[in-house]
2 protein chains.
Amino acid sequence: MQSSILRPALADPPAQLAHDRVYRGLRQQVMHGELFPGTPLTLRGIGKSFGVSMTPAREAVRRLTAEGALTFSASGRVATPELSNERIEELASIRALLEPELASRALRRAHLALIDRMESINDSNARAIHRQDPVEYIRTNLEFHRTLYLRAQSPAMLGLLETVWLQLGPTMRALYTRLKRTTAPPHHRLILEALRAGDDAALRLALRTDVTQGLRHLVV
Amino acid sequence: MQSSILRPALADPPAQLAHDRVYRGLRQQVMHGELFPGTPLTLRGIGKSFGVSMTPAREAVRRLTAEGALTFSASGRVATPELSNERIEELASIRALLEPELASRALRRAHLALIDRMESINDSNARAIHRQDPVEYIRTNLEFHRTLYLRAQSPAMLGLLETVWLQLGPTMRALYTRLKRTTAPPHHRLILEALRAGDDAALRLALRTDVTQGLRHLVV
DNA sequence: ATGGGAATAATGTGATCACAGATCATCGCG
DNA sequence: CGCGATGATCTGTGATCACATTATTCCCAT
């Protein structure tokens, strides 16, 4: 920390550890698609933008590269990942494997208040599409899914899924920016209907198609 | 690196980055069950045992905690994870989800040489059981599975699975040490038979039972 | 104008240090 | 003899520095 002597002795201790603040900040930028694929980052730059030295920035970057949110180019340069089409399809198929399972586990615990909240998030999602706001679209889309999966009470599986989302963040940004569509994807309504009906098979199918269709016809 | 002046100028540059050596070494210790759950580790101790300073040790630890291989106890102390029974069951169910999928993807590419190699690994596995060598048992067991999954050509999915194995490493060590069984699990033979027969459904089932049975009756 | 090479700047890496908080041992008191 | 307080030690954190390597810039020769 090094505070008392050389520093002007700011009275409040850091409410959160510095490297954790940096980690969370960068993670959100990547997952929400605020960064395009291949965006170069520097330790000193990250540190400066968060008001810390290189050390916490390095630890945050190390953590994020471990999760696939960032990649090291040749000789240590760090950047957001540029995924090949095969990798995109593989990550989509992982989503297609995990998300129906998480939804199914959440189904029995999904009471009406939860469904209403998901519907409200879905409205925000539709507005983001009309506004052509890619970041807000990605954010609300993930929030829609996460709100459901939180009910599955499977933290390890949700954690795994979030690393997949993380890896796809910059790619989704690039795709949704290129696309400029103005109509909402139809599958969220199917998900909500299956939840209301308590229909496990329909729910699993709705999620699988939402996940795969969402990327399949974008990758060319 | 800091070599030329203060150091005796050892001529060879580090073939691999120091933090990466530390990361790989620790990762193997955890995954192969060389460490029991709750084993405390210290940055300075890790650094000393690898002949480096705290800095690379810190980065390796940060990376491993991101993958769930290590946990931070209250106020930053680092240790191997002590999993609750619910967490163990959840991780087992993730294995039961991913491993049949990986096996199925590998099936079409599993030629005879691969099956022979798996059989040889399985023999080593059986010997490790007779020798009551938990670490070697865990190592060969994972190698048996990984040899198959490598053929699936799905690096992201295999990477996800390996983080699950990592989280289970110390727990498996504790369980297999406590158990002291001397008979090989029967499911590996079923896996090999399904591979030879090219029977996808049987292969998926064999893996699912191998994964779940392997842990289910140990957790009490 | 253009291509190449040298000088310069930028970047990641690892070591070291000061510091704060936690942990542990020891000693003294009841 | 037991137990709590107090001092010493241990541990993670963040900053800073030296260094090697890579990238960039700039200038001159063709």
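Please read all numbers here as calculations on a predicted model, not as lab measurements. Both backbone and side-chain heavy atoms feed into the values below; hydrogens, waters and symmetry mates do not. Every chain is numbered from 1, with letters handed out A, B, ... down the list of sequences.
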Check: Arg62(B) side chain N/O closer than 4.0 Å to the phosphate oxygens (OP1, OP2) of dT13(D)?
Finding: yes

Check: Within this structure, what is the CZ-to-P distance between Arg77(B) and dA22(C), rounded to whole angstrom?
Finding: 9 Å

Check: Could you give the CG-to-P distance, from Leu17(B) to dT13(C), as a whole number of Å?
Finding: 6 Å

Note to self: For a quick check under 3.5 Å, do Arg173(A) and Thr177(A) share a side-chain donor-acceptor pair by atom type?
What the structure shows: yes

Margin query: Just to be sure I understand the rule, does Ile46(A) reach a base, reach only the sugar-phosphate, or reach nothing, if contact means heavy atoms closer than 4.0 Å?
Written below: nothing

Margin query: Can you see whether Thr71(B) engages Arg77(B) through a side-chain donor-acceptor pair at a distance of less than 3.5 angstrom?
Written below: no

Margin query: side-chain hydrogen bond (donor to acceptor under 3.5 Å, both in side chains) for Tyr23(B) and Glu67(B)? Distances and angles first, verdict last.
Written below: CA-CA 11 Å; Tyr23(B) 167 76; Glu67(B) 298 175 322; 3.0 Å; yes

Next item on the list: Map Leu43(A) and Ser53(B) onto DNA chain C by nearest heavy atom, then report which one ends up closer to the 5' terminus.
Entry: Leu43(A)

Check: Nearest-Å distance, CD (Glu59(B)) to P (dG14(C))?
Finding: 6 Å

Next item on the list: Establish, yes or no, whether a centroid distance under 6.0 Å links the rings of Tyr149(A) and His145(A).
Entry: yes

Notebook entry, point to check: When the distance from OH of Tyr23(A) to C1' of dT13(D) is rounded to whole Å, what number comes out?
Noted result: 19 Å

Note to self: Is there, by distance only and without an angle test, a donor paired with an acceptor across the side chain of Arg58(B) and the base of dG14(C) below 3.5 Å?
What the structure shows: no

Note to self: Just to be sure I understand the rule, does Ser75(A) reach a base, reach only the sugar-phosphate, or reach nothing, if contact means heavy atoms closer than 4.0 Å?
What the structure shows: sugar-phosphate

Checklist line | For atom CD of Gln16(A) and atom C1' of dG14(D), their distance in whole Å | finding: 16 Å

Item checked: Spacing of Met54(A) atom CE relative to dA15(C) atom P, expressed in whole Å -> 14 Å

Notebook entry, point to check: Looking across every strand, which nucleic acid part, if any, lies under 4.0 Å from Thr55(A) by heavy atom: base, sugar-phosphate, or nothing?
Noted result: base

Next item on the list: Write down the distance between CZ (Arg44(B)) and P (dG14(C)), rounded to a whole number of angstrom.
Entry: 18 Å

